[in-house]
Amino acid sequence: MLLETVSSVRTLVLTKAARQQIKATRRQITCAVSLASLVVGTFFSPISHAAAADGKAIFNGTCIACHGSKGEGNSKIGAPNIAGMEASYVQRQLAHFSSGLRGSAPNDSYGAQMRASVAVLKTDADRAAIASYIASLPQVKPSASYSGNLSKGSTQFNAVCSSCHGSRGQGNPGMGAPSLIGVEPQYLERQINAFRSGQRGANPDDKQGGLMKVGASMLPDAGSVRDVVAYIATLKP
């Protein structure tokens, strides 16, 4: 894939090495996800109502203080809106926080808070239950406005993001790429910058994070990140 983002000041060209790295990482992710699906059998299964019911009790005891009773988040403390996030993605991130794949970087204060919070989730069953409950919550419209150059953002999204997350941001379960629709823009901006800086995705065991790190590095500056996030914020189901 050749990346050409044309603007009045620069043209971005995706190097051959970067293309090869992306392709290699995608193959690794596809194989890993396929194996996990065969072994676990329910990695991308529909939400279990029983699991969601059990997850509600865990959510109420663990998550409400920061993320709110409806999963609406709290921008004052940097807690994102999580209502309606995909169960498989939430479960994977909870596991990463528990294992230290995410939230262990020295300058990741938000991640450190999450690691402390999820320490009470002792088993995969706990994480699956709470993930199912979060996925069952109706999505909440982001409370804060967000601006950027939508034309540039569209170009960058189609060049960098759509091959994994889909042309409409709908995600790709086969690659472990979550839907971006309805994700809080401020949170999304923070995470893209975390991937750009190496705060996320640096651990070789984090295959999806590694791919995101490569993709995020193609956005050359903070303005480009804002533009692509502003465009993502316009996407509808």
Side-chain angles (χ1 to χ4, degrees), residues 1-14 18 22 66-68 70-86 89-90 93 102 107-111 114 134-135 137-172 175-201 208-209 211-237:
M1 176 183 67
L2 181 64
L3 171 62
E4 296 181 343
T5 302
V6 180
S7 68
S8 59
V9 294
R10 63 176 175 271
T11 300
L12 303 177
V13 180
L14 181 60
I22 290 175
C66 293
H67 292 284
K70 299 178 182 178
E72 71 273 18
N74 184 340
S75 60
K76 293 181 180 179
I77 60 173
N81 168 3
I82 58 174
M85 278 190 174
E86 292 177 357
Y89 176 75
V90 173
Q93 296 310 306
R102 182 176 175 184
N107 59 340
D108 187 1
S109 58
Y110 294 111
M114 273 297 299
I134 289 170
L137 294 172
Q139 281 195 334
V140 178
K141 184 178 179 180
S143 57
S145 60
Y146 195 91
S147 62
N149 187 310
L150 296 182
S151 177
K152 291 181 179 179
S154 173
T155 299
Q156 291 164 335
F157 177 86
N158 288 319
V160 177
C161 313
S162 62
S163 59
C164 293
H165 290 281
S167 60
R168 295 178 289 104
Q170 73 273 19
N172 184 340
M175 293 186 66
S179 169
L180 301 176
I181 299 170
V183 176
E184 188 173 288
Q186 287 78 7
Y187 171 74
L188 188 56
E189 178 184 9
R190 192 169 78 224
Q191 296 313 306
I192 292 175
N193 284 326
F195 283 116
R196 291 180 71 233
S197 70
Q199 188 183 84
R200 284 189 68 182
Q208 286 90 354
L211 182 57
M212 266 300 303
K213 188 175 184 297
V214 173
S217 69
M218 298 174 197
L219 300 173
D221 52 40
S224 299
V225 174
R226 284 195 64 86
D227 292 341
V228 77
V229 170
Y231 174 73
I232 290 171
T234 69
L235 299 175
K236 307 296 181 184

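Computed from a predicted structure; not experimentally measured.
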Test your reading of the model: is there a side-chain donor-acceptor pair from [X] to the backbone of [Y], 3.5 Å cut-off?
{"X": "H165", "Y": "P178", "value": "yes"}
{"X": "Q170", "Y": "R168", "value": "yes"}
{"X": "E184", "Y": "S75", "value": "no"}
{"X": "S217", "Y": "V214", "value": "yes"}

Which value, rounded to the nearest 0.5 Å, describes the distance between [X] atom [atom1] and [Y] atom [atom2]?
{"X": "T234", "Y": "K236", "atom1": "OG1", "atom2": "NZ", "value": "7.5 Å"}
{"X": "M114", "Y": "Q93", "atom1": "CE", "atom2": "CD", "value": "9.0 Å"}
{"X": "N172", "Y": "S162", "atom1": "CG", "atom2": "OG", "value": "11.5 Å"}
{"X": "L235", "Y": "S179", "atom1": "CG", "atom2": "OG", "value": "9.0 Å"}
{"X": "R226", "Y": "E189", "atom1": "CZ", "atom2": "CD", "value": "5.0 Å"}
{"X": "Q156", "Y": "M218", "atom1": "CD", "atom2": "CE", "value": "12.0 Å"}

Could you pull out all residues at least two apart from [X] that satisfy side chain to side chain donor-acceptor pair (under 3.5 Å)?
{"X": "Y110", "answer": "none"}
{"X": "N193", "answer": "R196"}
{"X": "Q186", "answer": "none"}
{"X": "E86", "answer": "none"}

Looking at [X] and [Y], what are the two nearest heavy atoms and their distance?
{"X": "P138", "Y": "A83", "answer": "O-CB, 3.2 Å"}
{"X": "V160", "Y": "G215", "answer": "CG1-O, 3.3 Å"}
{"X": "I82", "Y": "I134", "answer": "O-CG2, 3.1 Å"}
{"X": "R200", "Y": "K213", "answer": "O-CD, 4.0 Å"}
{"X": "P185", "Y": "V229", "answer": "O-CG1, 3.5 Å"}
{"X": "C164", "Y": "L211", "answer": "SG-CD2, 3.6 Å"}

Exercise for the section: Taking salt bridge (Lys or Arg N to Asp or Glu O under 4.0 Å) as the test, write out the residues that go with R190, two or more places apart. Expected result: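 Per chain and number, R190 pairs via salt bridge (Lys or Arg N to Asp or Glu O under 4.0 Å) with no residue.
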Practice task
Quick one: list whatever passes ring pair (Phe, Tyr, Trp, His ring centres under 6.0 Å) with F157, sequence neighbours left out.
Solution key: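 Checked F157 against ring pair (Phe, Tyr, Trp, His ring centres under 6.0 Å); matches are Y231.
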Handout entry: side-chain contact (heavy atoms from CB on, under 4.5 Å) between I192 and L219, worked out
Key = CA-CA 9 Å; I192 292 175; L219 300 173; 4.0 Å; yes
Problem - Pair D227, S224: side-chain N/O donor-acceptor within cut-off below 3.5 Å - result: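 There is no such pair between these side chains.
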